[in-house]
Amino acid sequence: MYDPWPTPLAAAAEAAGCRIVSGLDLLLAQAIGQFEQFTGVPAPRSAMAAALASARAGN
């Protein structure tokens with residue numbers, strides 16, 4: 001689950017001292033792989049990462 005972040009469970013885990021991750025790195029890796037498989041060309045990794053970061057920031 002990416003939105004809303006953090007989820008209540010993730011917030012509680014973090015408050016208890018656990019390390020949490022959002023899963024966005026996995027989402028990006030999957031998107032890159034899919035782009036390359038569908039198009040046969042290298043994915044614009046930097047642009048994709050920037051778009052994900054911008055979306056996460058609400059821009």
Side-chain angles (χ1 to χ4, degrees):
M1 184 169 188
Y2 304 108
D3 187 37
W5 184 258
T7 64
L9 178 60
E14 186 174 41
C18 297
R19 181 175 174 253
I20 60 167
V21 294
S22 70
L24 291 177
D25 289 336
L26 176 60
L27 177 68
L28 179 60
Q30 290 172 334
I32 288 168
Q34 290 172 358
F35 180 95
E36 292 177 348
Q37 287 179 6
F38 292 153
T39 66
V41 298
R45 293 171 183 250
S46 295
M48 292 172 77
L52 182 59
S54 178
R56 184 171 186 211
N59 299 327

Considering all heavy atoms, the nearest Val21-Trp5 contact: O-CH2, 3.4 Å
Using every non-hydrogen atom in the two residues, find where Ile20 and Ala13 come nearest and quote the distance to one decimal. CG2-CB, 4.0 Å
Residue pairs meeting salt bridge (Lys or Arg N to Asp or Glu O under 4.0 Å), one or both in residues 42-53, sequence neighbours left out, come to Glu36-Arg45
Residue pairs passing the salt bridge (Lys or Arg N to Asp or Glu O under 4.0 Å) test where at least one lies in residues 24-35, sequence neighbours excluded: none
For Pro42 versus Phe35, what's the shortest heavy-atom pair and its separation? O-CE2, 3.7 Å
What residues form a side chain to side chain contact (heavy atoms under 4.5 Å, CB included) with Gln34, not counting sequence neighbours? Phe38
Shortest non-hydrogen separation from Arg56 to Leu24 and the atoms involved: CD-CD1, 3.2 Å
